[in-house]
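Each remark here refers to the structure printed beneath this line.
Values in this document were obtained by computation on a predicted structure and should not be read as measured data. Quick note on labels: first sequence line is chain A, next is B, and so on, each numbered from 1.
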Amino acid sequence: MPQPEFDPEKLKLIPREFYDRDPRRVARALLGKVLVRREKKTLLAGRIVEVEAYLGAGDAAAHSAAGRTARNSVLFGPPGHVYVYFIYGNHYCFNISCLPDGQAGGVLVRALEPLAGVEQMMKNRGMAAVAGDMQSLRMISSGPGRLAEALGITRERDNGKDVTCADSDLVVVEDGFRPRKIATTARIGITKSAEELLRYVIAGNAFVSGKRA
DNA sequence: ATATCGATTATCT
DNA sequence: GATAATCGATATG
């Protein structure tokens with residue numbers, strides 16, 4: 001199933017209330033939804049297949065753990081907004097804020113299954129723009145840094161944007177797809193609160209980050 | 001096949 | 001000055 005069915009005409013924008021709850025619930029509910037970047041001429045889209053929840057209070061691994069700062073301020077704002085951070089001097093990571101205004105919390109989107117604009121996304125990733133094999137498709141957006149690069153997401157361009165706004169160029173929509181089964185694991189790459197099981201993936205999906213699918 | 005490591009910089013101590 | 005919600009390259013069995 002290399003190119004899954006995807007009809008850009010029957011997409012429904014996800015409302016702000018969706019994000020106005022515990023990041024763990026938002027994270028699970030986001031699996032199977034579609035992240036869409038609207039460029040001038042091209043539409044870039046991918047199905048969310050891997051996420052992590054970052055809680056507000058009591059989550060030492062969360063960027064919000066030590067309180068509000070200039071960087072993490074979006075996490076403390078209203079739900080449904082884009083939080084982008086720059087990490088390891090190399091990569092941007094895309095998150096969506098959760099919980100009501102004043103309460104920190106968010107979901108890190110870690111992997112997408114490419115649905116539309118594959119050629120442009122490969123170009124954004126600096127990949128040879130021909131291959132349609134599984135291996136190449138996996139390299140496009142199987143990982144937080146990768147998907148951000150594929151969609152052209154940067155802090156400068158996107159931090160603070162509203163993903164629930166119809167005229168935004170970065171939105172989350174739903175197309176009716178429901179994950180068959182969700183697996184829960186520990187979050188990747190953190191040192192604090194590393195045991196918490198707050199990573200969620202669509203079980204068996206080939207575009208989840210890491211070695212095996 | 002797995003393991004280790006360098007890149008490169010915003011952010012916070 | 002140290003660290004970091006990563007990736008891709010290189011080394012090693």
Categorize A:Arg199 for me: base, sugar-phosphate, or nothing, with a 4.0 angstrom heavy-atom threshold over every strand shown.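 No contact.
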When all nucleic acid strands are considered with a 4.0 Å heavy-atom cut-off, which category describes A:Ile188: base, sugar-phosphate, or nothing? sugar-phosphate
Rounded to the nearest 0.5 Å, how far does [atom2] of [Y] lie from [atom1] of [X]?
X	Y	atom1	atom2	result
A:Glu113	A:Ile140	CD	CD1	11.0 Å
A:Leu112	A:Leu147	CG	CG	4.5 Å
A:Ile14	A:Ile96	CD1	CD1	8.0 Å

According to a strict under-4.0 Å criterion, is A:Arg110 in side-chain N/O contact with OP1 or OP2 of C:dT6?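 For C:dT6, OP1/OP2 do have a side-chain N/O of A:Arg110 under 4.0 Å.
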Got A:Arg155 and A:Arg71 here, is their nearest side-chain heavy-atom distance under 4.5 Å? yes
Please check if A:Leu99 and A:Val172 belong to a single hydrophobic cluster, counting links between Ile, Leu, Val, Met, Phe, Trp and Tyr side chain heavy atoms closer than 4.5 Å. no
Output the residues of residues 86-96 of chain A in contact with DNA chain B, where contact means a heavy atom of the residue under 4.0 Å from an atom of the strand; sort by number or write none.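 Listed by number, they are A:Phe86, A:Tyr88, A:Gly89, A:Asn90.
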Got a sec? Which of residues 62-83 of chain A come in under 4.0 Å of DNA chain B, heavy atoms?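 The stretch gives A:Thr69, A:Arg71 as the residues lying under 4.0 Å from the strand, ordered by number.
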Do A:Phe94 and A:Tyr92 have ring centroids that are under 6.0 Å from one another? no
Are A:His91 and A:Phe86 close enough that their ring centers fall under 6.0 Å? no
In this structure, how many angstroms lie between the [atom2] atom of [N] and the [atom1] atom of [X], rounded?
X	N	atom1	atom2	value
A:Ile153	C:dC7	CD1	P	13 Å
A:Tyr200	C:dA5	OH	C1'	15 Å
A:Glu50	C:dC7	CD	C1'	14 Å
A:Met127	C:dC7	CE	C1'	13 Å

For A:Asp133, is there an ion pair with A:Arg138 - N to carboxylate O distance below 4.0 angstrom?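 No, this pair does not count.
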Salt bridge flag under 4.0 Å for residues A:Asp158 and A:Arg37: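 Yes, A:Asp158 and A:Arg37 are salt-bridged.
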Main-chain N/O of A:Met121 paired with A:Arg125 side-chain donor or acceptor, under 3.5 Å: no
Pair pattern of DNA chain B in dot-bracket, where unpaired bases get dots and | marks partners in another strand, Watson-Crick or G-U under 3.5 angstrom: |||||||.||||.
Among C:dG8, C:dT6, C:dA4, the nucleotide that comes nearest once only the side chain of A:Thr191 is considered: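 Nearest to the side chain of A:Thr191 among the choices is C:dA4.
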Select one nucleotide: of C:dT6, B:dT11, C:dC7, the one nearest the side-chain heavy atoms of A:Arg155. B:dT11
Shortest non-hydrogen contact from A:Ile190 to A:Ala61? CD1-CB, 3.8 Å
May I have the step-by-step check of salt bridge (Lys or Arg N to Asp or Glu O under 4.0 Å) for A:Lys161 and A:Asp169, ending in yes or no? CA-CA 9 Å; A:Lys161 278 183 183 171; A:Asp169 66 344; 2.9 Å; yes
If you go through the side-chain atoms of A:Tyr85, does one of them form a donor-acceptor pair with the base of C:dA4 closer than 3.5 Å?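 Side chain to base: no pair below 3.5 Å.
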Between A:Ile190 and A:Arg146, which residue's closest nucleotide on DNA chain C lies nearer the 5′ terminus?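 In this pair, the answer is A:Ile190.
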P spacing across the pair C:dA5 / B:dA3, given as an integer number of angstrom: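 It comes out at 22 Å once rounded to the nearest Å.
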